[in-house]
Structure formats: C-alpha cells, structure tokens
Amino acid sequence: MTRDKKRKAAVRKTQKATGDRYVRTARKQTYMKAVDLSELKLLVRGRPVASASTELLRGHGGRLDEVKETVEACFNPGGCWCEVNGDLHTISSGDLEVRLSLQPHGTAWHANYFDAAWGSSQYRTVPAESRADVATYVDRTRELRWGLLQESDLRKEAAEGGFAAVDRLVRDLVGLQDEWFAALDGLHGALRSAAGTLPSWAEQFLREEAEELSTAREWLTSAVLAYHHGTAGRRPDTLYGRIGLSLLVGVSA
C-alpha cells in the first residue's frame, strides 16, 4: 500500500469512529485520562507522540498498533496535514480529523480527534491565518452541542426524576447554549477587522453557526412550552436554522 493510500485509509478509519466517539449529555462530558503511547516510540517532527485520548483509542478498536499506523500514515513528511497554532491537523473532507497537540511542556505530542475537517465544505474556505481562531471555537463548543430537545425528552426526565430533574435539565441546557453564544461572540470579535468588517467566508461561517444555535434554542423553548402548557402553538418548523411552513392538512406544526 502506498503512503497516500495508507493515509486515506487511516482517515476513513477515523471517520468511521464518529458514531461512538462519545455520549452527549446535558452535563459537561468527563473523559478518562490519556493513554500512554511511549512504548510505540512514535516520532513526528522530532517530538515523540507520548499519549492519545481514550476517544482516539476507542475509535481504533482499542488497538495501539492501529493508532500508530494512523499517526504514521497521516503525519509523514508527504502527508496531507497542516499546522494550526503549533498543533498538527490532518486535512480531510469528513466530520473530524486526527490532531497532534503539543503537551503543556512542549516536548511531546498528544494525539486526539479534532471535531471538524479543514477539507469539508464548511471549513475549506477558512484561510490558514484564521484557522487558529476557528479551531479554538470548535474546541470550546464541542461539549455544548447537546442536540434538539423535544417535549418527550422532558417527559422522560420527569418520569425518572420528577419535576426537579426537568428543571435541572432545562437549566443545564440553557447554560450550555449561553456558553455557545459566548464562544460564537468571541469568534466574531476575533475575525472582525480593525474597521469592524468581516470577510465573506467569515460572514457565512458565523451565519451558519448562529442559525444552528438559534435552532437549538427554539427547540428548547418550544419543548418547555409544550411540557408545561400542552402545546407550543402553531409555528413555522425550524430545522438547521431554516424556517419553513408545513401546510399539509392534519399535520401539526
């Protein structure tokens, strides 16, 4: 197998792991300690790859030899990767990438997943000089995207823990979405020029993120309304930030 084919196979393997990378909860996720990779004697750009996230190891079936194969295939001198704020990222068109992050002391790498892909339609327009700001945003929001809440979620929570559990879940979700808003606001400030303008790619990126956040907040408020009052009322459907009208007879909004 050629180097390029090995790299592509490693990236595909990484993308297949997306499904069970972690379980999202309304509370912030807790990850196990990093896995020691020192026995693999992996070197990238003169630094050892000393550790990996449990998430990355799980995505490779728990096999250290497969983690080693992926790192070697992705970050060889002829591989398709880039440097972002001192870290090394693969460049692919999938849902996530493999990343080597410098450990705090700066003498070794930590291998993990990055929850975006610089070659995908959403991220390929981000210029190299802005990738660090966008990467910071991606890392900051990865634990905040809980999903779209429905009334049935609240009723299930109530059945298991009563009203207090419902109240706790809603407050947690509001808090997560407020943190997401703060991260988005921070990215907006970082990408704005001294004159207060935004490049076209940034306008589009920020708009899409704002629409996704707005959708999550609208579903949350509608679920709370329906839970407490039996209905959230007739309203346009909102999905992925797009507003539409369902006009089919007998179908409730």
Side-chain angles (χ1 to χ4, degrees), residues 1-23 28-120 123 126-144 183 186-187 190:
M1 185 182 290
T2 66
R3 273 185 174 180
D4 188 54
K5 286 183 178 178
K6 281 185 177 180
R7 184 191 67 79
K8 289 180 179 178
V11 170
R12 282 197 299 271
K13 185 189 302 177
T14 295
Q15 292 166 0
K16 286 179 181 178
T18 306
D20 69 344
R21 283 176 297 156
Y22 47 80
V23 177
K28 288 191 174 181
Q29 301 149 5
T30 302
Y31 294 91
M32 295 174 63
K33 292 182 178 179
V35 179
D36 183 11
L37 297 186
S38 56
E39 67 180 75
L40 299 181
K41 302 188 184 307
L42 265 172
L43 280 177
V44 174
R45 298 186 74 180
R47 291 188 178 97
V49 182
S51 62
S53 67
T54 55
E55 184 183 359
L56 183 68
L57 182 63
R58 187 165 60 249
H60 289 75
R63 297 186 54 176
L64 292 179
D65 59 330
E66 292 200 5
V67 172
K68 180 179 181 180
E69 181 182 338
T70 290
V71 172
E72 289 178 335
C74 290
F75 297 104
N76 67 72
C80 188
W81 51 270
C82 64
E83 186 170 348
V84 180
N85 201 27
D87 296 340
L88 307 184
H89 292 235
T90 56
I91 298 177
S92 69
S93 57
D95 297 318
L96 77 167
E97 296 174 344
V98 177
R99 172 174 60 184
L100 296 182
S101 301
L102 278 176
Q103 292 186 344
H105 48 71
T107 60
W109 300 109
H110 171 72
N112 56 21
Y113 282 133
F114 176 63
D115 275 26
W118 299 118
S120 67
Y123 293 91
V126 178
E129 63 270 19
S130 297
R131 283 177 176 169
D133 290 322
V134 173
T136 298
Y137 171 78
V138 170
D139 286 337
R140 189 175 172 186
T141 60
R142 66 168 294 180
E143 298 181 5
L144 307 178
L187 179 62

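All residue numbers in this chain count up from 1 along the given sequence.
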Peer 1: In Å, rounded to the nearest 0.5 Å, how long is the span from OG of Ser53 to OH of Tyr113?
Peer 2: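 Going from the OG atom of Ser53 to the OH atom of Tyr113 covers 7.5 Å.
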
Peer 1: Can you tell me if Trp109 uses its side chain to pair, donor with acceptor, with the backbone of Arg99 under 3.5 Å?
Peer 2: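 Such a contact is absent between Trp109 side chain and Arg99 backbone.
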
Peer 1: Using every non-hydrogen atom in the two residues, find where Tyr137 and Leu187 come nearest and quote the distance to one decimal.
Peer 2: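 Closest heavy-atom pair between Tyr137 and Leu187: CG-CD2, 3.7 Å.
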
Peer 1: How long is the straight-line distance from NE2 of His89 back to CG of Leu96, given to the nearest 0.5 Å?
Peer 2: 12.0 Å

Peer 1: Quick check: closest heavy atoms across Leu37 and Val67, and the distance to 0.1 Å?
Peer 2: CD1-CG1, 4.2 Å

Peer 1: Can you sort out the partners of Ser51 under side chain to side chain donor-acceptor pair (under 3.5 Å), two or more places apart, ordered by chain and number?
Peer 2: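 Ser51: side chain to side chain donor-acceptor pair (under 3.5 Å) contacts with Gln103, His110.
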
Peer 1: Looking at Gly106, is its backbone amide N or carbonyl O close enough to the side chain of Arg47 to form a donor-acceptor pair, meaning the two atoms are under 3.5 Å apart?
Peer 2: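 Pair found, side chain donor or acceptor close to backbone of Gly106.
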
Peer 1: Do you know which two heavy atoms are closest between Cys82 and Trp118, and how far apart they sit?
Peer 2: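 Heavy atoms only, the tightest pair is SG-CD1, 3.9 Å.
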
Peer 1: To the nearest 0.5 Å, what is the distance between NZ on Lys41 and CD on Glu39?
Peer 2: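 One gets 9.0 Å once the value is rounded to the nearest 0.5 Å.
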
Peer 1: Is a side-chain N or O of Glu97 found less than 3.5 angstrom from the main chain of Ser92, in a donor-acceptor match?
Peer 2: yes

Peer 1: Could you tell me the separation between the CG atom of Asp65 and the OG1 atom of Thr70, rounded to the nearest 0.5 Å?
Peer 2: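 The distance works out to 9.5 Å.
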
Peer 1: Name the residue from Asn85, Asp87, Asp139, Val84 that meets the side-chain contact (heavy atoms from CB on, under 4.5 Å) definition with Ser101.
Peer 2: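 When side-chain contact (heavy atoms from CB on, under 4.5 Å) is applied between Ser101 and each of Asn85, Asp87, Asp139, Val84, only Asp87 qualifies.
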
Peer 1: Check Lys68 against Leu40 and note the closest heavy-atom contact, atom names and distance.
Peer 2: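 Here Lys68 and Leu40 meet closest at NZ-O, 3.6 Å.
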
Peer 1: By side chain to side chain donor-acceptor pair (under 3.5 Å), which residues pair with Ser120, not counting sequence neighbours?
Peer 2: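 Expected list: none.
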
Peer 1: Test side-chain contact (heavy atoms from CB on, under 4.5 Å) on Asp133 and Val126 and set out the steps.
Peer 2: CA-CA 10 Å; Asp133 290 322; Val126 178; over 6 Å; no

Peer 1: Within the structure provided, determine whether Leu88 and Arg45 are in side-chain contact (heavy-atom separation under 4.5 Å).
Peer 2: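 The answer is yes; the side chains approach within 4.5 Å.
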
Peer 1: Do Asp95 side-chain atoms and Ala117 backbone N/O form a donor-acceptor pair below 3.5 Å?
Peer 2: no

Peer 1: Are the side chains of Glu72 and Leu42 in touch, meaning some heavy atoms are under 4.5 Å apart?
Peer 2: yes

Peer 1: What heavy-atom pair brings Ala111 and Leu100 nearest, and what distance separates the two atoms?
Peer 2: CB-CD2, 3.7 Å

Peer 1: Considering all heavy atoms of both residues, which atom of Phe75 and which atom of Val98 are nearest to each other, and what is their separation?
Peer 2: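 Reported closest heavy-atom pair: CZ-O, 3.6 Å.
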
Peer 1: Side chains of Tyr123 and Val138: closer than 4.5 Å at any heavy-atom pair?
Peer 2: yes

Peer 1: Counting only N and O atoms by type, is there a donor-acceptor contact under 3.5 Å from the side chain of Thr141 to the main-chain atoms of Leu144?
Peer 2: no

